[in-house]
Protein chains: 2
Amino acid sequence: MDRAARKARLAQAVWQVIRERGIGAVSVRSVAEEAGVAVGSLRHLFPTRAELLEFSAELMVQRARERIRDIPRTENVQQYALEVVKHLLPLEPDSRAELEVNIALIAETPALPKLEAIRDHAYHQLGEACTQLVGMLAGRPRDRQIEEEARRLHAIIDGLAIHLLMEPSSQDTGWAVAIVRGELARIAGGAA
Amino acid sequence: MDRAARKARLAQAVWQVIRERGIGAVSVRSVAEEAGVAVGSLRHLFPTRAELLEFSAELMVQRARERIRDIPRTENVQQYALEVVKHLLPLEPDSRAELEVNIALIAETPALPKLEAIRDHAYHQLGEACTQLVGMLAGRPRDRQIEEEARRLHAIIDGLAIHLLMEPSSQDTGWAVAIVRGELARIAGGAA
DNA sequence: TTTTTGCTAGCACAGTCATGCTACTAACGG
DNA sequence: CCGTTAGTAGCATGACTGTGCTAGCAAAAA
């Protein structure tokens, strides 16, 4: 049963519409057309518009989570951490699109309360990941200072992500990576 | 002529609708009702929906700019800088609403291209403000390192802003201010 | 074979949308 | 006094919306 695949295909059509015409243009009709199916077919998988958007949001989070999880661990902790953070920033067209969609969905939260839970979950997972990263870098178990450093790293990541999104995608992105690299080095050696 | 005041009143109705029901619920009808005027009256001030949203966005940016500009300069540079940053974070209901509206407007950019210019302008102004702040803190003219520090500060501010928005507004916000304070102190004394 | 099931397709309805348009009121300049 | 102007109000139109509903179609199950 490739039901899941068909649902994923429709979710991708949702993302496409959001990126091209904004969240306001997402309707069962526009998404069905983008995916090349009839409205009836779409509504067989997603009876309501809300379910369509919720699934799309969840799938996006899941994809990102898997992408991060599949990064191979290298012996050099700093390099591994840098690789993880690079996958959290919108450096590639894919991850860029992901963030655009993410922001659009956050903006629609007042109209779709279930999105709030999805976003909160993703947010806390990312926070947890930052804490573990900082713990690995500092080479000691979690304590109060590590948690503050993690919050700070988390903020830098999200801030840089937004700034990268503002710049045209063609622009140089080295400055952002440089900041991250410096931050990671500071965390790794900074406690001393 | 209180034409400007009436336009501002309508812009506030736009923000209200965005916060309560999401950007998707913003229509000439919903805004007019929220403001307690007839659709025809609204359309006398703003002939099209796009003009209404563009004005609302610009007014919001302008309000924020004025709020920052009116912060009194204290002799202690670090304290002044902290005060500025605190006004850039969604710590009060007003600034919180501002950020919510901001995100919603960014999300609608694909549908309203003019919003992109407004947002870019605000973004660069904030970047410039960060550079000046860092320059003041470091006590030396602008150079490459100062610009990198400024970018980092800018990222931390925007990242923290988002994180504060995620937490319920009632939550403790001291941790965010603590991070900012540490960052400012590091910049001021850190070059050594 | 007949029946059930998963899916596709689309019609119909009631509602909302932006916007063009006219009509009405009131203030102000001549 | 009249004409002009700004503002208020609302009607009409054509398009788009989500969703309930029926109907067809093909494969699997009975």
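Note on naming: letters A, B, ... go to the chains in the order of the sequence lines (proteins, then strands), and numbering restarts at 1 for each one.
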Polar side-chain contact R43(B)-dG20(C) base: donor and acceptor under 3.5 Å: yes

Between the main-chain N or O of V26(A) and the side-chain N or O of R49(A), is there a donor-acceptor pair closer than 3.5 Å? yes

Could you check whether any side-chain N or O of H154(A) sits under 3.5 Å from a backbone N or O of A150(A), counting only pairs where one atom can act as donor and the other as acceptor? no

Output the rounded distance in Å from [atom1] ([X]) to [atom2] ([N]).
X	N	atom1	atom2	answer
L52(A)	dT17(D)	CG	P	13 Å
I23(A)	dT17(D)	CD1	C1'	15 Å
E51(A)	dG18(D)	CD	P	14 Å
D2(A)	dT8(C)	CG	C1'	14 Å
R3(A)	dT5(C)	CZ	P	15 Å
E108(A)	dT17(D)	CD	C1'	14 Å
H44(A)	dT22(D)	NE2	P	16 Å
L45(B)	dA6(D)	CG	C1'	10 Å

If you count the non-hydrogen atoms of other residues, nucleotides and ligands that lie under 6.0 Å from CD in E33(B), is the total more than 12? no

Should the pair E58(B)-K114(B) be classified as a salt bridge under the 4.0 Å nitrogen-to-oxygen rule? no

Below 4.0 angstrom, which residues in residues 27-42 of chain A have at least one non-hydrogen atom near DNA chain C? R29(A), A38(A), G40(A), S41(A)

Report yes if some heavy atom in the side chain of I103(B) is under 4.5 Å from a heavy atom in the side chain of I23(B); otherwise report no. no

The residue among L53(A), V61(A), L105(A) that forms side chain to side chain contact (heavy atoms under 4.5 Å, CB included) with I118(A) is V61(A)

Think R6(B) has a side-chain N or O under 4.0 angstrom from the OP1 or OP2 of dA6(D)? no

